[in-house]
There are 2 protein chains.
Amino acid sequence: MKGIRQLAEHLDISIGTVSRALNGKPDVNEETRKRVLAAAEELGYVANQSGRALRQGTTNVIGLMIESNKDIVEDSDNFFLGVTRGLQSVFARHKLDLIMLPCPSDEDPYEYLKRMVARRVVDAMIISATQRTDKRIDLLTKAKIPFVSLGRSLSSSNSSWIDLDFDGVANSAVDRLVAHGHRRIAIAAPSNDVNLGYIFLDGYRRALDRHGIAYDLSLVIRAKTSEQGGYQVGHELLQLADRPTAVILIYELMAIGLYRRLSEASITPGRDLAIIGFREEPRAKFLQPALTCFRISLRDLGAELGETLLATMPAYGHFYPNRPRTMIWPLELVPGESDSFHLKAE
Amino acid sequence: MKGIRQLAEHLDISIGTVSRALNGKPDVNEETRKRVLAAAEELGYVANQSGRALRQGTTNVIGLMIESNKDIVEDSDNFFLGVTRGLQSVFARHKLDLIMLPCPSDEDPYEYLKRMVARRVVDAMIISATQRTDKRIDLLTKAKIPFVSLGRSLSSSNSSWIDLDFDGVANSAVDRLVAHGHRRIAIAAPSNDVNLGYIFLDGYRRALDRHGIAYDLSLVIRAKTSEQGGYQVGHELLQLADRPTAVILIYELMAIGLYRRLSEASITPGRDLAIIGFREEPRAKFLQPALTCFRISLRDLGAELGETLLATMPAYGHFYPNRPRTMIWPLELVPGESDSFHLKAE
DNA sequence: CTGAAAGCGCTTACAG
DNA sequence: CTGAAAGCGCTTACAG
C-alpha cells in the first residue's frame, strides 16, 4: 500500500473522505468510516508522517534528548529507559509518540539540539543533565519549542522543570549521620558543571550549619559521577589526615567503586566508615553491607515529566490545568547497614 | 527563521538556488553559495524535515527499535547506548541521523514496528532481540524497508544480521571447564523464545558431545535473563541431588544474583563451584572472586551493524561493496578467578 | 455527508 | 548559473 490516493481509489471515494474517516472526524457516514478503516487495516495503510506533519504543522512526536557521552554509556544505568516508560504512558493518551534523540558523543549537545529543533522533527523536547547555566534552555525558549528539563538551571527562570530533591537528600543524609554521632562528614560532589552539584553541596552546607558543624572544604571531594569516581573518592578519603567518619555520595554508582577501594584498605563500610549513597539502584543491591540510599520511581517521574511538558503545550495544556511549572521530586530514604554504626559519645 | 522562502527573500534570490546552495549541488556560483550558507547560519535556518522528506521520498533517518519491557529496563545495562555510538560514527559519514524508537511496554512490538514503518519516519531499521521465528523480519522484508537485525532468527533467511558468537562462547566455556576437570557442567538458558537461547544450548550440547559427556537435561536451568534469574539459577543448582561442579551463564547480570544466592548458602564461587559468566560488564566488575567472562566492544559492534545496514541500502550500498550479509561477532575470553579451581582427578 | 482544490516546505527536472 | 514551476502525501476549509 502506498498512499492515501491508492486507498481512496481502491474504495472508490475521494481522498478527503478517507482522511476524515481515518482521523475520526465527525462528519463522516458511519458506514463509510467502517469501510475505510477496514480497508486501511487490510492493506496496512498508515498515513505518511511527512505529508501529515507538513500539512498539520505538527509532528505529534516528542523528543527525549540523550547525551551518550562515554561516562553515561558506561556508568549510568538505564535511567532513561525507566523514565521513558512513564513518559509514554502519558503521551499515549494523546497519540503522541516518543523518540529518543541520542546526541553523538563527538557533536556539541547545543548544536545537535539546534539542528533537531530547526528541522522540526518533534513538537516538543525533554532535556536533561542541565548545566549551571544551560544555553539549550535559551535556545528552546527563543525557538518557542515547548520543553521540560529534568533538572533546573540558572537559565530556567521561566521554563518548566522537574528536579530531584537533592537538597532534601543532602539534608536528611546529614541529619541521619549527625543523629548517629558523626561530626566529620565528607561529601562527594561532581567534578563537572552540572547544576545538581551546586544544589547538593548547598543543602549539605546548610544542614551542617543547622547542626553547628563548620563547613570544611577539605571534606568536599570532587569526582566523576561514575564507579571510577567512587573509587577515587575512597582513595582521597584515605589520604585525609583527620579522616572523616562518614561520607555522602552524589551518584548511585559511586558506592560500588568506594566499597572496592575501602575493601582494598581493609576498611569495612558501616563499621569503620558510614556511607549514604544516592539513588537506589538495582546493580548496587549486592553491596555488603547493604547501602543506605534513596528510592525513586523512574516511571512515576517520567509520567510527571510528561504531564508537566504537555501542560506547556498549547494543544494539550487544557488537559492539565493548574499544573505547577516546576517541581521538586522527593526521594524516599531506604535504610541499609552502611551507616548503621553509632559513634560513641565523646 | 521560518522557511526557505523567508531565507530566499532575505537574500533576494529564488528558493531553488537557496536549496541547491544548501545541498551542495555543483551548479551554484561559489559567491552565491557563500552568501546563502552565511545567511542560513546567521538566521539559524535548517530545512524542515517533513518538507524535505516528502519531496525526496527519504528521511535520512535510521531507526533503532528498543523494546523497553520491564526486564530490559531494570536489568540490561546501557547496551544500546554503547552500540549507538558505533552506529552514529558510521551514519555520520553519510549525514544520516539515528533515532531510537522505544516500543511502549504495553504495545505489541510487531504492531509498533508496523506503525513506524508505515508512517515512513525512517529509511531503515535496526532491530534486536530476535525471536526464534520473528514476524518483524517478514514485515520489514515485505515492506522493502532495509534493515539489519542484531541476532539471527529462523525467519532471517535472506536478511542481514550480526549475531554474537553464542556458539563460540558455549564451546570455549565448556572446553575450559573440562580442561579443569569438570564433567558435571550446568547451563543457564533463557526462559523465553529468544533465538540466542537455542544457539547457546546447541553449542553447549555439541561441546559436551565432543568431550564424550552425556547431555543431562536436569543441568539445563531455565531462568529469566536478569539478576533475579541468576539468583533463581543459584537456587535451583542447590536443589539438585547430584550437584554440578560448574555452571555457564547466558546473560551478564545473572552472575550478580548467582553470587548472592551462593553467598547465602556459604558456597564460594571459584572454590566450591566454577562459574563462567557471559558478557563482561562494568557492573559485575566488583564481583569477588573476579568473574571469568567474555569481552565485546559495543562501539565496534555498532559500527559493523551500521555498515552492514548501509550495504543493503540502494543509496549507500556502493560504499560498502562485497560486504557479507551476515556476521558472527566474536567475543574474547577474559579469565577471572570464578572458574580457576581444578577438580582433582578421580 | 462528500468531493474538489489549496497548500504545508521542500527539491529537482526543465528552460533560459 | 539562476528562476519558475511541479509535485511529494497529506489535511482541511469550502462548496454543494
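Fair warning: this is a prediction, and the values are worked out from it, not measured in the lab. Chain identifiers are assigned alphabetically (A, B, ...) following the order of the sequence lines, protein sequences preceding nucleic acid strands; residue numbering begins at 1 within each chain.
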The correct list of stems in which DNA chain D takes part (3 or more consecutive Watson-Crick or G-U pairs, distances under 3.5 Å) is C:1-3 with D:14-16, C:5-12 with D:5-12, C:14-16 with D:1-3
query: Does the B:Thr32 side chain pair with the main chain of B:Val28, one donor and one acceptor, at a distance under 3.5 Å?
result: no
**Asked** With a 4.5 Å heavy-atom cut-off, do A:Ile137 and A:Trp161 have their side chains touching?
**Response** no
Exercise. State whether A:Thr17 places a side-chain N or O below 4.0 Å from either non-bridging phosphate oxygen (OP1 or OP2) of C:dG3.
Key: yes
Within the 3.5 Å criterion, strictly below it, is a donor on A:Thr59 or A:Asp123 matched to an acceptor on the partner's side chain? yes
task = Look at B:Gln56 and C:dT12 and indicate whether a side-chain polar atom (N or O) is within less than 4.0 Å of OP1 or OP2.
result = yes
- So, the side chain of A:Glu304 versus the backbone of A:Leu301: is there a donor-acceptor pair under 3.5 Å, distance only? no
task = Apply side-chain hydrogen bond (donor to acceptor under 3.5 Å, both in side chains) to the pair B:Arg85 and A:Ser105, showing each step before the final yes or no.
result = CA-CA 7 Å; B:Arg85 300 182 72 217; A:Ser105 43; 3.2 Å; yes
In whole angstroms, the gap separating P of C:dC8 from CG of B:Leu54 amounts to 13 Å
Picking from D:dG3, C:dC10, D:dA13, the nucleotide nearest the side-chain atoms of A:Arg20 would be D:dA13
Ordered by number, residues from residues 23-38 of chain A within less than 4.0 Å of DNA chain D (heavy atoms) are A:Asn23, A:Lys25
Would A:Ser156 and A:Ser153 count as having a side-chain donor-acceptor pair, cut-off 3.5 Å? no
To the nearest angstrom, the CD1-C1' distance between B:Ile13 and D:dC1 comes to 11 Å
Would you say B:Arg52 places a side-chain N or O within less than 4.0 Å of OP1 or OP2 belonging to C:dT11?
yes
If only side-chain N and O atoms count, and only distance matters, is there a donor-acceptor pair under 3.5 Å linking B:Arg52 with B:Asn23?
yes
OP1 or OP2 of D:dC10 sitting under 4.0 Å from any side-chain N/O of A:Tyr45?
yes
